[in-house]
Amino acid sequence: MSIHSVTDTQDRPAPHAPVLPKVDGLLVAVDERCDVGCKFCLRADVGRTALDLPTYARALSRCKELGATSVCLTGGEPTDHPDFVDLVKVAVQFGLACSVVTAARPGSRLRALSAVAGLLSHVTVSADTRGAQRVGATERTIGGAGEVFEALGHRRASLHVTVWQVEEADLADMGTIDDRFGAEFELSPLLMTEHQLNKATPEAVRRQYEDDIRALTTRFGLSDRFTSAVADLDASLAGRLERGCTSDRVYLSPRGMLRRCPYDKAHEVDVRLPREEVAAGVTAMHEAHVPVGSRCALVCGA
Ligand SMILES: C[S@@+](CC[C@H](N)C(=O)[O-])C[C@H]1O[C@@H](n2cnc3c(N)ncnc32)[C@H](O)[C@@H]1O
Ligand code: SF4
């Protein structure tokens, strides 16, 4: 008979312990609907279903077991979710850093955001140049984002600008945000929907991107934060996206499906399944080759 010390048995892995997949964080789309209604919206899940709290809590629990330390709430418009405040509080109770991507402006959306501002690790405020506003029929002005930064009462925030047909007035608005709040800038080219692309040749779209880069670059007096965002935008437009996804973050759809890529519905697992099946599903997602596309950086950050 052999005798093992307690330490012996604790340190040794169980003979057939499954190797669990590693998850860094969770990107949560809280609703398939969005009443903001930007006509260019490229979110992955569009329909009528909103995420429910028990499914969300289960996803946080499963992902935390797999190593997640953060959750980012997106949508749809997260501040429109009836349980938005609880979504943030539950994430914090799980010990996760909670961030939000939002199109909120003064009114009920900003009130909901303000109610949990102190709990949030980061807020990304989305805005559009005037040209992007025309394409998307949006009201997410750059200037209006100032009121959101003010209401947050902290500087853990960045301004995400969808860039199309940049005008002098857009640059002036960005300069004001830069001066007043010192916010980080994230600049994304407006990606057209299939329908919008039908009205313009790829060459014309590319020429417009180049003009926009030039307009952004020739703006003097903006901070390093701004110029490095322009450099990132330029690099992403010039770069050929040929690599596969290597993201360690997973996406939770409003219907409770976990995916690595929000758009890859061929590799998904229902988070309500037993934990072993969820872990096996996440492993299968990691093994699948999914090419990184131009939408990825916008919607997922991969
Ligand atoms: C899908 S939205 C969800 C969160 C929230 N409703 C918002 O708009 O901030 C996430 C981000 O995707 C960006 N986005 C959506 N469609 C886009 C497009 N066609 N081109 C560029 N950015 C886009 C939005 O501006 C936003 O910053
Ligand atoms: S970009 Fe955001 S605010 Fe606009 S329709 Fe899409 S989800 Fe809604």
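The first residue of the sequence shown is numbered 1, and numbering continues consecutively from there. First listed ligand is number 1; within each ligand, the first listed atom is number 1. Predicted model, so just to flag it, every value in this text is computed and none were measured. Side-chain atoms are counted along with the backbone in the values below, which use heavy atoms only and exclude waters and symmetry mates.
Contacts between T124 and ligand 1, counted as non-hydrogen atom pairs separated by less than 4.0 Å, are absent for every part of the residue. At a heavy-atom distance under 4.0 Å, only side-chain atoms of T162, from C-beta outward, approach ligand 1. Both the backbone and the side chain of E77 come within 4.0 Å of ligand 1, judged by heavy-atom distances.
Polar contact check, S126 against ligand 1: a nitrogen or oxygen pair lies under 3.5 Å apart. Among the atoms of L191, some N or O lies under 3.5 angstrom from an N or O of ligand 1. Residue H160 has at least one nitrogen or oxygen atom sitting less than 3.5 Å from a nitrogen or oxygen atom of ligand 1, judged on distance alone.
Residue A103 has at least one heavy-atom neighbour below 4.0 Å for each of these atoms of ligand 2: 3 (S). Annotation for ligand 2: atoms under 4.0 Å from non-hydrogen atoms of G76 are 7 (S). Close contacts between ligand 1 and P189 involve ligand atoms 20 (N), 21 (C) [criterion: under 4.0 Å to a heavy atom].
Counting non-hydrogen atoms of neighbouring residues, nucleotides and ligands closer than 6.0 angstrom, the NZ atom of K39 reaches no more than 12 such neighbours. Atom CD of E167 has more than 12 neighbouring heavy atoms from other residues, nucleotides or ligands inside a 6.0 Å radius.
A side chain to side chain donor-acceptor pair (under 3.5 Å) with T102 is found for exactly one of E77, H160, R140, namely E77.
Within the structure, ligand 1 lacks C38 among the residues with a heavy atom less than 4.0 angstrom away. The shortest heavy-atom distance from C41 to ligand 1 is under 4.0 Å.
Classification of D173 and R130 as a salt-bridged pair holds, one side-chain N sitting under 4.0 Å from a carboxylate O. Electrostatic pairing of K89 and D86 does not count as a salt bridge here, judged by no charged N lying under 4.0 Å from a carboxylate O.
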- Message: Would E268 and R260 count as a salt bridge (Lys or Arg N to Asp or Glu O under 4.0 Å) here? Give the steps.
- Response: CA-CA 8 Å; E268 62 178 13; R260 186 189 212 176; over 6 Å; no
- Could you check R62 against E65 for salt bridge (Lys or Arg N to Asp or Glu O under 4.0 Å), going step by step and ending with a plain yes or no? CA-CA 5 Å; R62 289 294 91 91; E65 286 164 9; 3.2 Å; yes
- Query: Run the ring-ring contact (aromatic ring centres under 6.0 Å, His included) check on F40 and W164 step by step: do they pass?
  - Reply: CA-CA 12 Å; F40 53 61; W164 184 250; over 10 Å; no
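Residue C38 does not count as close to atom 8 (Fe) of ligand 2, with no N, O or S atom under 2.8 Å.
What sits closest to atom 6 (Fe) of ligand 2 on the protein, heavy atoms only, is C41 SG, 2.3 Å. Protein heavy atom in closest approach to atom 3 (S) of ligand 2: V36 CB, 3.4 Å. The nearest heavy-atom contact from the protein to atom 2 (Fe) of ligand 2 is R140 NH1, 3.9 Å.
S158 places none of its side-chain heavy atoms less than 4.5 Å from the side chain of V125.
Summarising the contacts of atom 8 (Fe) of ligand 2 with P78, S126, C34, the nearest heavy atom is found in C34. Across the listed options A103, G76, G75, A127, G76 owns the non-hydrogen atom lying nearest to atom 6 (N) of ligand 1. The nearest non-hydrogen atom to atom 8 (O) of ligand 1, considering only R140, M192, E186, comes from R140.
Checked by atom type and distance alone, the side chain of D212 pairs as donor or acceptor with a backbone atom of V166 at under 3.5 Å. In this structure, the side chain of R259 does not engage the main chain of L252 through any donor-acceptor pair within 3.5 Å.
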